[in-house]
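Read through the structure below, which is laid out as structure tokens, and then see the notes.
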Number of protein chains: 2
Amino acid sequence: MRDETDKTTTDAQMTIRQICDAYDVTPRALRFYESKELLFPIREGQKRLFTRSDRARLKLILRGKRFGFSLEEIRQLLNLYDADDQHLTQLEQTCVIARERLVDMERRRNELDLAIEELRDQLKWGEEKVASLKTQEN
Amino acid sequence: MRDETDKTTTDAQMTIRQICDAYDVTPRALRFYESKELLFPIREGQKRLFTRSDRARLKLILRGKRFGFSLEEIRQLLNLYDADDQHLTQLEQTCVIARERLVDMERRRNELDLAIEELRDQLKWGEEKVASLKTQEN
DNA sequence: CGTTCCCTTTACGCGCACGTCAACTTCACT
DNA sequence: AGTGAAGTTGACGTGCGCGTAAAGGGAACG
């Protein structure tokens, strides 16, 4: 039974509300991520305290979401980022997943580059058309 | 053989099954996209025939999905790609949306570049750890 | 003491993007 | 005429990612 809070890590622990304000997420989402084992906040009594590690993971979660990764895919990725305590075979498997993800992300970037170029061209065309329509109108 | 088919566009019209095989989507998905006004296959009797335009749009749909865009967001984007027949105010509004999307996509690309670098580093670290664990083991 | 917050769990609900029947029609082939 | 393959329109079901009450605990304040 530990009766004292650890002073050395206190500054790294944030309440659920602080996290919500800082990262623009809802309490519900954070609890949901915990239930899906993407976050592991420690407990002080009933209340959750989010550590530095949790915040780092949360950043990766939010980023992953922006790229259309599912929470399950993100969970697998997160394992790579704190794989310190994993066994050899587990770590090797994590690396395999990471390599796949890396290839996937590189493919996405190429696609994204292409999409950006196309959209730029299309936008340019649209703006020119707007301009021609405006001069033609008067 | 029906003599009324236009030989010049026949190769541009594909049945739902051909589309499904070519783009790895289900009939259900294609009908769903049509119901949400992302695709506009022409009808020969009851059957849908997907034109070149539909296939171009489908490519953009699938790409958009990979980046986590909703179908509604994709629909708005698609409007830019065949905005020929739009009115001035409508076209201007489309351009506004396109500019927002463009900024968004460029921000995503920067994030993706960062994420790729981080994952690369992490993977390198993991592979080194695997190597050290293997030599240490023997 | 009661009230006000903030937090908790439990549980049901919802929008999206389809999947999955069910019940046809239409066409090709035998 | 019969059979089968492929297409059609509803209508309901499903998994994900939470939203949203409902009901309650605990501490802080007047």
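Just so it is clear: chains get the letters A, B, ... in the order the sequence lines come, proteins before strands, and each one is counted from 1.
- B:E106 meets the salt bridge (charged side-chain N to carboxylate O under 4.0 Å, His left out) test with A:R120; sequence neighbours excluded.
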Output a table of donor-acceptor pairs, distance under 3.5 Å, between side-chain atoms of residues 24-33 of chain B and any protein atom two or more places apart or on a different chain; print 'none' if there are none.
unit_1	atom_1	unit_2	atom_2	d
B:T26	OG1	B:A29	N	3.0

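- B:F40 belongs to no hydrophobic cluster with other residues, because no ILVMFWY side-chain heavy atom falls under 4.5 Å from its own, directly or through intermediates.
- Contacts between residues 59-78 of chain B and DNA chain D, counted as heavy-atom distances below 4.0 Å, involve no residue at all.
- Of the charged side-chain nitrogens involved, at least one lies within less than 4.0 Å of a carboxylate oxygen, so that A:D104 and A:R107 count as a salt-bridged pair.
- Residues passing the side chain to side chain contact (heavy atoms under 4.5 Å, CB included) test with B:D113 are A:R109, B:R109, sequence neighbours excluded.
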Got a list of side-chain donor-acceptor pairs under 3.5 Å for residues 56-65 of chain B, not counting sequence neighbours?
unit_1	atom_1	unit_2	atom_2	d
B:R57	NE	B:L38	O	3.0
B:R57	NH1	B:D82	OD1	3.3
B:R57	NH1	B:D82	OD2	2.5
B:R57	NH2	B:L38	O	3.4
B:R63	NH1	A:E118	OE1	3.2

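- For DNA chain D, the contact window with chain A, defined by any atom under 4.0 Å from a protein heavy atom, covers D:dG17 to D:dT20 in 5' to 3' order.
- Residues forming a side chain to side chain donor-acceptor pair (under 3.5 Å) with A:E127 (at least two apart in sequence, or on another chain): B:R99.
- Listed in residue order, the members of residues 18-39 of chain A having a heavy atom less than 4.0 Å from DNA chain D are A:T26, A:R28, A:A29, A:F32, A:Y33.
- The residue among B:R48 and A:Q46 whose nearest nucleotide of DNA chain D is located toward the 5' end is B:R48.
- Under the side chain to side chain donor-acceptor pair (under 3.5 Å) criterion, A:Q76 pairs with A:E72, not counting sequence neighbours.
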Side chains of residues 87-98 of chain B: which donor-acceptor pairs under 3.5 Å do they make with residues two or more places apart or in other chains?
unit_1	atom_1	unit_2	atom_2	d
B:E92	OE2	A:K134	NZ	2.9
B:T94	OG1	B:Q86	OE1	3.0
B:T94	OG1	B:Q90	O	2.8

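- Residue A:L49 shares its hydrophobic cluster (ILVMFWY side chains chained together at separations under 4.5 Å) with A:I42.
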